[in-house]
Every structure is written in structure tokens, then in C-alpha cells.
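Notes for the one structure printed next.
All chains are named by letter (A, B, ...) in the order of the sequence lines, taking the proteins before the strands, and each is independently numbered beginning at 1.
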There are 2 protein chains.
Amino acid sequence: MRADAERNRERVLAAARDLFAEQGLDASTNEIARRAGVGVATLFRRFPTRDDLVGAVFADRMSAYVTATDEALADPDPWHGFCGYIERVCRMQADDRGFADVLTLTFPTANALEDDRNRAAEALGVLLDRAKESGQLRQDFTHQDVPLILMANAGVVTATRNAAPDAWKRLVGFLIQAFAAEAAQPLPEPPTPRQMYRALMRLSD
Amino acid sequence: MRADAERNRERVLAAARDLFAEQGLDASTNEIARRAGVGVATLFRRFPTRDDLVGAVFADRMSAYVTATDEALADPDPWHGFCGYIERVCRMQADDRGFADVLTLTFPTANALEDDRNRAAEALGVLLDRAKESGQLRQDFTHQDVPLILMANAGVVTATRNAAPDAWKRLVGFLIQAFAAEAAQPLPEPPTPRQMYRALMRLSD
DNA sequence: GAGCAAGTGGAACATCTATTCCACATCGCT
DNA sequence: AGCGATGTGGAATAGATGTTCCACTTGCTC
């Protein structure tokens, strides 16, 4: 790849990163190209589809997301690790509107991100089991509750990011107290893994 | 108003109600007109701005929202009344995607709805005070937490309505357990009323 | 049943997208 | 320095959208 081409590629990525963070995943390609100081054609040759661009932009953030589970597992206190994980992931959504979209919407993201997502899911299982065994996380908490939290947090973050940027912390505060084993009362059934997968894909049934 | 005009007005309202419920507030006007079996001009003469249409469509649902606080107040058990209120309102969001938008977004709704919203806010204050006095609702629960719940629920409902239509019940289950006085641990500060107002208006600061 | 105000449909306009195309410019190897 | 592959910008296409316009139709009054 020619040096100038590589330079432009980076400029597009930087502009897309900024715009996705500000406006969410539906920032327009023309605007991204304009902000990057390149023509739209340049953008489209490097990233033939929107997914390619989204994938490239969020690749590092996605690996930070995966790393978050690892760091949570490194915490000697299972409950503290679990709470820290939830807070950290929700903060990532609050800090980047585009990333909030990526995390709650599988479909428009590049396949490259799928591997990361799956690895994170695996580590998460261990994190939850450990926190339950320690007796601090309620037994009926399931894997599917995590994307549920992310969807709820995304709703708050989307609505409040300008006017009340810390509002999400309050929601997360409430939720974490609800996840404590001592507070546990019977709950409605969680969605099935298949339902949650399809919800993330925005499919029916 | 001519009889046929009145008939068409009703048809537009019915079509808009259906489409808003299915697709949210951003259903297209052309599609609404098509579904109503009238020309777009007919729609625009009756409802010159989008707000007028939205206001007319959700007027009755909005009064049901106001009525919900009254019914909650009629419940002899303050805590049961409070929980019933939260569930009922979240269910209204789950049943009508457009209404979920209306409740968490002040701006695009007609001014006619503002009065209802304010009346509901007043009754809600009484409901919360009563539940706190009974010792069942945590003391640090504030007025602003209600729209926060609605925003979170809107996030879940939007993502899961097709694939896991009952997922919101699980979120609400968690939240209600967090609202119980006995579970109360210190929490981050709630947004201020002004912040929440501005968040609903999607303004900055 | 005649006349006209009121109402109508759909084409047209203005804007916004994502994406494609191509005449021209530039890079970097020789 | 020269030349071809590589890369470029921005105009153009194609498809949305909300909204306006206007020639035609209809309901209602007299």
C-alpha cells in the first residue's frame, strides 16, 4: 500500500472514531470523509461496506471489552470483580455512543468483532460462576442478563449523554444492588440465549 | 368539517397509531398516508406538523399514563401501588414502541401532552412520598429516577421487542428489588430535575 | 340539481442518505 | 527524470425522506 494511501486510511479511521463516538453508529459516510479531509471515494475504496469501517474503528475498543472480562477475573474478590466489570462496560458505553450501539447490536458490526464477542462471552461465564460460588451474586443471575443491562444502559446513555452524563451511574448503582444475593427475590424468567442472540441481531421470534 | 374529511382524519389517526406502535415515532408520513388509504396532502392538511399528528395519536394513551398514577394512588398498599405503577408504565412502553419514544422524549411531542405530563408528575410525587413513609420504598429514591427507569426500559424494549418480548419484565423485576428499602445501599447522586428535563428535551448541559 | 367551498390524490420539490464512476494527480520504482 | 500502477476528489446516481402544490372531485346548502 502506498504511503499516502495508508495516511488517508488512518485519517478516515480517526474521523470515523470521533464521529461515531459523538453521534452513534449512524453518522453519515459523507460527513466522515469530509471530517477526514478526503473524498468519499477514498473512504469507500478502503472500506467497501459500512461494516468494514465499523469493524476497523471498533476493533481496539472491542478488544478492550474482551480485556475487561480478563481484568475482572484477575480481581481476587469475585463480587468486586463482577461489579467492576459491569461498571467498566457501562462506562465504555457512556464514553462512546457508537460503542454503545455496537455492543447492543450484533448485526451491523463486522464479522471480525464476532470472535472477540465470543471470547468475552466465555470469560464472562467463568466470572459469573465464580461470583455465585462466593455467595455474593444471586444464583438466578444468568449470562443473558448482561446484554440486558447493556441495552438498558444504552437507553439511559442515549437519552442523557448531553444533559446528565452521569445518570447511567445511578442506574448501574440500582442494578448492582439488585444483583446482590442477599436482596434476591423471585424474578421473571430471563430470555433464552437464542432469544437474546436474535434480539441482538434485531430479528423476529 | 365535512363528513368525508372527518372520516379520513380518523383513518389517518388509526394508521398512524398502528405504525407508531410497530415502528416507533419515526414511521414515515408517506407510509402512514398509504396505510390509511389517503394522499399525503390529506394527512398534512389535518396535521400540519409532525407534532400535531403525534399529539393527536398519543392523547388517549397519555391520559392512560396519567390515570396510571391515580390508580396507583387508589391502591391501599403504598408499596404495591408503587410497584404496580412501574410495571404498568413499562408495559405500556413494551406494548407500543411509539409510546416508549413519547415518554422518554419530550421534544417531538405536541404541547397538548405537556399538561398531562405535568399532572402525572404531581400525582407521582404523592405516590413516592406515601411509599417512602410506609418504609418500603428506599428513602433516596427520587422523582428523577422514574424517567431514568423509562429510558432504561425503552432501551430494552427497543432491542428485544421482536425476539424476546418479555425481557423488559426481568429488568423491571431487578429494578423493583433494588428500590426496596431493605436492600438500600448508598447510591450515586440522581440527576437534578433540570438535567432530567433537559435530557428529555435532548438538549445539552 | 347547481354551485362553490372544502377536500382530495399524487406528482413534484427539497434534502438527506449510501454508493459508484471517472478524469486527473501522485507515488515510488527504475 | 519518467512512467505506470495506484490513489484521488467530487460530481453523479439511486433511493430514502418530509413537505408543498395544484388540477380535479366531492359533499352540502340553497
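- Taking only side-chain nitrogens and oxygens, Ser28(A) never comes nearer than 4.0 Å to OP1 or OP2 of dC16(C).
- Ala41(A) comes within 4.0 angstrom of a base, heavy atoms only.
- Residues Phe82(A) and Phe141(A) place their aromatic rings such that the two centres sit under 6.0 Å apart.
- Rounded to an integer number of Å, the gap from Ile32(B) CD1 to dG9(C) P is 15 Å.
- Where Arg9(A) and Thr29(B) each meet DNA chain D at their nearest nucleotide, the meeting point lying more 5' is that of Arg9(A).
- Straight-line distance from the CZ atom of Arg34(B) to the C1' atom of dT17(D): 15 Å, rounded to whole Å.
- Of the two residues contacting DNA chain D, namely Asp4(B) and Glu31(B), the nearest-nucleotide position lying further toward the 5' end is that of Glu31(B).
- In this structure, Ala36(B) reaches neither bases nor backbone, as no heavy-atom distance under 4.0 Å exists between it and the strands shown.
- In this structure, the side chains of Thr160(A) and Trp168(A) stay at 4.5 Å or more apart for every pair of heavy atoms.
- Straight-line distance from the CZ atom of Arg35(A) to the C1' atom of dG9(D): 20 Å, rounded to whole Å.
- Look at Arg35(B) and Glu22(B) and you find a salt bridge, because one of the NZ, NE, NH1 or NH2 atoms lies within 4.0 Å of a carboxylate O, short of that distance.
- Checked against dT19(D), dT17(D), dG7(D), the side chain of Phe44(B) finds its nearest nucleotide in dT19(D).
- Atom CG of Leu43(A) is separated from atom C1' of dC21(C) by 16 Å (rounded to the nearest Å).
- Side chain of Arg46(B), nearest nucleotide from dG7(C), dT17(D), dC21(D): dG7(C).
- A salt bridge between Arg34(A) and Glu31(A) is present, with a side-chain N of the basic residue lying under 4.0 Å from a carboxylate O of the acidic one.
- Note on ring orientation: taking the six-membered ring where Trp is involved, the planes of Phe20(B) and Phe58(B) are parallel (angle under 30°, cut-offs 30° and 60°).
- Straight-line distance from the CG atom of Leu19(B) to the P atom of dT17(D): 11 Å, rounded to whole Å.
- The pair Glu189(B)-Lys169(A) does not count as a salt bridge, with every side-chain nitrogen at least 4.0 angstrom from each carboxylate oxygen.
- Within 4.0 Å (heavy atoms only), Ala33(B) reaches no atom of the nucleic acid at all.
- Each of dG18(D), dA6(C), dC27(C) was ranked by its minimum atom distance to the side chain of Arg2(B); first place goes to dA6(C).
- Closest approach to the Asn30(B) side chain among dT19(D), dC21(D), dC21(C) is made by dT19(D) (side chain taken as heavy atoms from C-beta onward).
- Contact between the side-chain N/O atoms of Arg45(A) and the OP1/OP2 oxygens of dT8(D) is found at a separation under 4.0 Å.
- In the set dG7(C), dG7(D), dT19(D), the nucleotide with an atom closest to the side chain of Asn8(B) is dG7(C).
- Within the 4.0 Å cut-off from OP1 or OP2 of dG7(D), not a single side-chain nitrogen or oxygen of Thr42(A) is found.
- Counting non-hydrogen atoms under 4.0 angstrom, Val38(A) reaches the backbone sugars and phosphates but no base.
- As rounded to whole Å, 17 Å separates atom C1' of dT26(C) from atom CD of Glu6(A).
- When the side-chain nitrogen and oxygen atoms of Arg50(B) are compared with OP1 and OP2 of dG18(D), one or more of them lie within a distance under 4.0 Å.
- dC16(C) atom C1' lies 13 Å from atom CG of Asp26(A), rounded to whole Å.
- Remark: Arg7(A) is not in phosphate contact with dT26(C), judged by side-chain N or O atoms under 4.0 Å from OP1 or OP2.
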